[in-house]
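Okay, structure first, notes after.
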Amino acid sequence: MSNKPDLTVQQVSEFLREKPDFFADNPDILADITLPHHSGDAISLVERQVAVLRDRNMDMRHRLTKLLDNARENDKLFDKTRRLILMLLEGNSLPDIVSTICFSFDRDFNIPYTSVILFADPSKVPESSARIVSVNDARQSVSRLISNSRALCGDFPPNELTFLFQDKAKDIGSAAVVPLMHGNCFGLLAIGNSDPNHYRSSMGTLFLSYIGEVLNRVIPKHLTF
């Protein structure tokens with residue numbers, strides 16, 4: 001417990017007279033004090049307190065509006081993702097699955113660049129819009145990506161972008177990549193955007209990781225390991 005004596009009313013009054021701008025410089029205090037609304041000189045202080053509370057109310061309204069906007073966007077994303085997953089589960093072949101991913105990402109999610117890369121023997125994989133490469137070639141170019149079990153976002157070095165997007169690499173400002181796993185890494189799902197800030201390293205990867213987990217279950221049965 002503090003041994004300092006309590007301030008007297010006179011001391012507080014003298015302090016406020018010496019610091020007429022005290023409440024203007026410390027508006028947070030106004031929101032925590034009770035101030036009777038009488039006519040006279042005190043009215044300006046009451047109005048100042050009301051203004052502080054009004055500003056706080058506006059700030060809370062803006063935050064609530066942002067939360068509601070985010071909720072609506074998440075609802076739309078969930079609905080698109082649900083439709084995509086149902087279509088993937090109905091796919092009867094590797095070409096169906098890969099075409100569904102590329103079509104949905106392009107039309108529903110407005111993703112301009114999508115690349116599906118599978119590590120397999122081309123002679124043993126049905127022809128599709130997926131690119132088939134050997135795991136050895138992948139290790140030489142993107143060993144960092146295939147040794148990682150989680151999605152990565154942000155900017156990627158030129159050699160990785162070239163491997164992921166080939167002749168479109170020069171158009172990619174930022175990208176997101178998720179390894180496809182079935183015991184070991186059997187491929188990569190990559191999406192890109194020309195905006196360098198579109199996919200940032202700090203952004204969440206829940207959506208892409210979720211789609212990757214679905215592909216981990218529907219693609220392997222069409223591959224020969």
With sequence neighbours left out, write down each residue that passes salt bridge (Lys or Arg N to Asp or Glu O under 4.0 Å) with Asp59, or none if nothing qualifies.
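Per chain and number, Asp59 pairs via salt bridge (Lys or Arg N to Asp or Glu O under 4.0 Å) with Arg63.
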Who are the salt bridge (Lys or Arg N to Asp or Glu O under 4.0 Å) partners of Asp69, not counting sequence neighbours?
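Salt bridge (Lys or Arg N to Asp or Glu O under 4.0 Å) check on Asp69 returns Arg72.
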Write down the atom of Ala175, the atom of Phe165, and the distance for their closest heavy-atom approach.
CB-CE1, 4.1 Å
Taking every heavy atom of His222 against every heavy atom of Ser93, the minimum-distance pair comes out as CE1-CA, 3.6 Å
Just say parallel, tilted or perpendicular for the rings of Phe22 and Phe15, cut-offs at 30° and 60°.
perpendicular
Kindly state each residue pair satisfying side chain to side chain donor-acceptor pair (under 3.5 Å) with at least one member in residues 150-170, sequence neighbours excluded.
Arg144-Glu160
Quick one: side chain to side chain donor-acceptor pair (under 3.5 Å) pairs with a partner in residues 124-141, sequence neighbours left out?
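Residue pairs passing side chain to side chain donor-acceptor pair (under 3.5 Å), neighbours aside: Ser134-Asp137, Asn136-Arg139.
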Side-chain donor-acceptor pairs of residues 74-85 under 3.5 Å, sequence neighbours excluded:
unit_1: Asn74; atom_1: ND2; unit_2: Asn70; atom_2: O; d: 3.3
unit_1: Asp79; atom_1: OD1; unit_2: Arg82; atom_2: NH2; d: 3.0
unit_1: Asp79; atom_1: OD2; unit_2: Arg83; atom_2: NH1; d: 2.6
unit_1: Lys80; atom_1: NZ; unit_2: Asp108; atom_2: O; d: 3.0
unit_1: Thr81; atom_1: OG1; unit_2: Leu77; atom_2: O; d: 2.7

Is it possible for you to say whether [X] and [Y] belong to one hydrophobic cluster, with membership spreading through side-chain heavy-atom contacts below 4.5 Å?
X	Y	result
Val214	Phe103	no
Leu16	Leu7	yes
Met181	Phe207	no

Given Ile211 and Leu189, is the side chain to side chain contact (heavy atoms under 4.5 Å, CB included) satisfied, shown in steps?
CA-CA 9 Å; Ile211 298 300; Leu189 172 63; 4.2 Å; yes
Enumerate donor-acceptor pairs with a distance under 3.5 Å from any side-chain N or O in residues 109-120 to protein atoms, sequence neighbours excluded.
unit_1: Ser115; atom_1: OG; unit_2: Leu164; atom_2: O; d: 2.7

